[in-house]
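Data block below; observations after.
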Amino acid sequence: MEKMTNLNKKKRIEFSLVYRDMWQSSGKFQPRKDQLERIAPVIIEMGCFARVETNGGAFEQVNLLAGENPNDAVRAFTKPFNEVGIKTHMLDRGLNALRMYTVPDDVRRLMYHVKHAQGVDIPRIFDGLNDVRNIIPSIRWAKEAGMTPQGTLCITTSPVHTLEYYTKIADTLIEAGAEEICLKDMAGIGQPALLGQLTKAIKTAHPEVLIQYHGHSGPGLSMASILEVCNNGADIIDTAIEPLSWGKVHPDVISVQSMLKNEGFDVPEINMNAYMKARSLTQEFIDDWLGYFINPGNKQMSSLLLGCGLPGGMMGSMMADLGGIMGTINNIRRKRGEEELSTDDMLVKLFNEVEYVWPRVGYPPLVTPFSQYVKNIALMNLLTLEQGKGRFVMMDDAMWGMILGKSGKIPGTIDPELVELAKKQGREFTDADPHTLLKDALDDFRKEMDENGWEYGPDDEELFELAMHPEQYRNYKSGQAKKNLLADIQKAKDAKLGAKMTPEQLAEFKHAKADAVVAPVKGQVIYEFGGDGEAEPTVEPYIGQEFAEGDTLCHILAPWGEFVEVKAAMGGRLVEVNAKRGTKVQKGDVLVYIERNAE
């Protein structure tokens, strides 16, 4: 009888707390260093987590925007977990590392040495296109630095994202040195049955490789997916805690533990007194300042996400974008004597258009930054279709870069219409390894550090921070970031309290969450360029338009004839345009305001 009981006993399942992603998916903000230091011991006291996510996309930018040193925050947060043997992990965007745009090899390589020295054990290395060329160098560099590289599969549902497709990628990453595999179901649209089959296939071929599942709650499939992957050999499950669990975030550890325990798995117990402390502290952090920047819509789940496949964390910014476009479209319809569209009408149109666009751009997994690109193409199509101009008329270089292969190999096939359009516009497709197109940059940043008299920091961590987040780091060093944040919080508090504001104060409040993009030189504003470098007439940026971090916003034609590029810095949603195309500006003039938003 005892022998039979042992045979029937299911394996041990461990839990990871994605504390960084809880905040990222709720509002793209993070607790301060002092708050992280307070919550860490309580997370440990809960006794149920084998791992905690302590860094990743947006974490360090937010520290910098709050006027804090992110290196200090990472070291402070990881230290308690390191001391008790809880593994720490970080989200690593491969070619993009910790930001939205590409990172040169020397900066990426330095990152792993810095993060290992700071106490981060595991980089979760993913590529938005599942192009292994963008992941394999990071696996090698992570191992060199003493970290445990986790190769990642970005999960989506399409005709090209088959079991064979994913198992081949997993085999390649493991052969390249990945010691673990993460199934990153970033939109929560992975079908449970396929996820179970994929887990079993990887475990059968590589029984020694640990499998971790990361699934967002948005469309409601994640609990079924967790059960499927666990029944097929998964080892560890990403979870969240209240008050930031569910919604567009992740399932709560209490529900996951209950489900798996009743399925017969060996799961850790939860210290509920500590859970309630962590819950209370997290709510305190929200009430303190983060709640002013969290979109309430991100607390809700939506089955509408299944059809379009967009990640739930984008819903807040997407609805804002939709509102801006809807006003323009309804103006057009009014002039034609046609019925205006409601928000629901527009939402259905957008989701349908994403479903139209996605296969034609080759089914890129809808994760940062490709989710933004596909959504933006669809949004622009809705406008240009209403204007009678057809589709694919308003696409910037970032959108085209994805289609042309500059970010990596597209999983599917680009539609012939887009191939022909690219040819007409003089755009060239490439199959070059993306990271080979980038020049090393650390020497230039060392020069800047030296000229400013800035310390490189322990393990060159300050040099790394400047190289990874140059604009935000400079604002942090000047002290301007802290001043801006304090002003933003005060304005948000005043608005919440219903304080009466003058028109001037209202204008200031509109910029409370926005970055002013200023002219770096005197000259004339040009909003788009043709392939030959000549300025072309084009539709100007519109209120609600979204920019990824590092996207080109415009160029300025300087008096000496040089075209000076201006980037969108942090990225986000355009809330005001101060300088229209052709405007003559002075150095330091505000061109636009771009509001940071949740992904």
Side-chain angles (χ1 to χ4, degrees), residues 28-37 55-78 90 96-104 106-108 110-111 113-115 117-118 120 289 293 440-490 511-521 549-550 553 564-572 587-591 593-596:
K28 211 166 189 174
F29 275 80
Q30 302 290 329
R32 299 186 306 263
K33 173 177 172 283
D34 64 293
Q35 295 170 327
L36 294 170
E37 289 175 310
N55 196 1
F59 183 97
E60 297 187 4
Q61 293 105 313
V62 172
N63 287 143
L64 291 168
L65 289 167
E68 287 196 340
N69 188 314
N71 294 309
D72 293 344
V74 174
R75 287 183 185 269
F77 195 32
T78 58
M90 61 182 280
N96 293 355
L98 296 180
R99 66 193 191 194
M100 292 278 286
Y101 59 103
T102 53
V103 178
D106 59 344
V107 180
R108 287 172 66 190
L110 177 60
M111 178 177 74
H113 291 277
V114 169
K115 294 306 154 195
Q118 291 176 341
V120 183
W289 68 289
F293 306 103
D440 284 352
L442 281 178
D443 284 346
D444 288 340
F445 288 114
R446 287 189 184 97
K447 182 180 179 183
E448 182 176 347
M449 297 283 282
D450 294 341
E451 289 174 348
N452 286 306
W454 294 341
E455 295 291 332
Y456 286 23
D459 307 293
D460 282 343
E461 63 184 18
E462 297 299 310
L463 170 64
F464 164 75
E465 209 60 50
L466 171 64
M468 184 59 64
H469 309 298
E471 294 304 321
Q472 298 95 311
Y473 188 81
R474 291 166 190 144
N475 285 338
Y476 153 73
K477 292 293 282 188
S478 72
Q480 189 60 44
K482 186 73 170 180
K483 294 177 183 176
N484 291 345
L485 179 76
L486 293 174
D488 291 351
I489 292 173
Q490 188 57 53
H511 305 147
K513 288 166 56 182
D515 294 312
V517 181
V518 301
V521 295
E549 179 183 338
L553 169 72
V564 178
E565 184 180 34
V566 181
K567 291 186 176 294
M570 272 293 290
K587 181 179 179 180
D589 285 355
V590 175
L591 303 175
Y593 285 92
I594 294 181
E595 180 183 88
R596 302 181 294 277

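This chain uses plain numbering: 1 for the first residue, then up along the sequence. The figures that follow rest on heavy atoms only: side chains count, while hydrogens, waters and symmetry mates do not.
Proximity of a side-chain donor or acceptor of Glu68 to a complementary backbone N or O of Lys33 within less than 3.5 Å is detected.
Minimum heavy-atom separation, Val107 to Ala441: CG2-CB, 4.4 Å. Between Ala481 and Leu64 the shortest heavy-atom distance is CB-O, 3.3 Å. Taking every heavy atom of both residues into account, Ile594 and Ala568 meet most closely at CD1-CB, 3.8 Å. Minimum heavy-atom separation, Asn63 to Pro31: ND2-O, 4.2 Å. The two residues Met90 and Gly56 make their nearest non-hydrogen contact at CB-N, 4.4 Å. The two residues Ala97 and Val103 come nearest to each other via the heavy atoms CB-CG2, 3.8 Å.
If you take CE on Met111 and CD on Gln118, they are separated by 11.0 Å, rounding to the nearest 0.5 Å. For the atom pair Asn452 CG and Leu466 CG, the distance stands at 8.5 Å (nearest 0.5 Å). With values rounded to the nearest 0.5 angstrom, Asp460 atom CG is found 8.5 Å from Leu442 atom CG. Arg99 CZ to His469 NE2: the interatomic distance, rounded to the nearest 0.5 Å, is 8.0 Å. The CD atom of Glu471 sits 11.5 Å away from the CG atom of Leu65 when rounded to the nearest 0.5 Å.
By the side chain to side chain contact (heavy atoms under 4.5 Å, CB included) test, Asn69 is found to be paired with Asn71, Asp72, Glu462, Tyr476, residues two or more places apart in sequence or in another chain being considered. When the salt bridge (charged side-chain N to carboxylate O under 4.0 Å, His left out) test is applied to Asp459, the partners found at least two apart in sequence or on another chain are Arg75. With sequence neighbours excluded, the residues satisfying side chain to side chain donor-acceptor pair (under 3.5 Å) with Arg108 are Ser138. Residues satisfying the salt bridge (charged side-chain N to carboxylate O under 4.0 Å, His left out) criterion with Glu465, sequence neighbours excluded, are absent altogether. Under the rule for a side chain to side chain contact (heavy atoms under 4.5 Å, CB included), the partners of Lys482 that lie at least two apart in sequence or sit in another chain are Leu486. When the ring pair (Phe, Tyr, Trp, His ring centres under 6.0 Å) test is applied to Phe77, the partners found at least two apart in sequence or on another chain are Phe81. By the side chain to side chain donor-acceptor pair (under 3.5 Å) test, Asn55 pairs with Glu60, sequence neighbours left out. In this structure Asp444 satisfies the side chain to side chain contact (heavy atoms under 4.5 Å, CB included) test with no other residue, sequence neighbours excluded. For Asn96, the side chain to side chain contact (heavy atoms under 4.5 Å, CB included) partners are Arg93, Thr102, Pro369, not counting sequence neighbours. In this structure Asp443 satisfies the salt bridge (charged side-chain N to carboxylate O under 4.0 Å, His left out) test together with Arg446, sequence neighbours excluded.
Among residue pairs with one or both ends in residues 444-467, those qualifying as ring pair (Phe, Tyr, Trp, His ring centres under 6.0 Å) are Trp454-Tyr473; sequence neighbours excluded.
Side-chain contact between Leu98 and Phe59 is absent, with no heavy-atom pair separated by less than 4.5 Å.
Remark: Glu448 engages Arg474 in a salt bridge, criterion side-chain N to carboxylate O under 4.0 Å.
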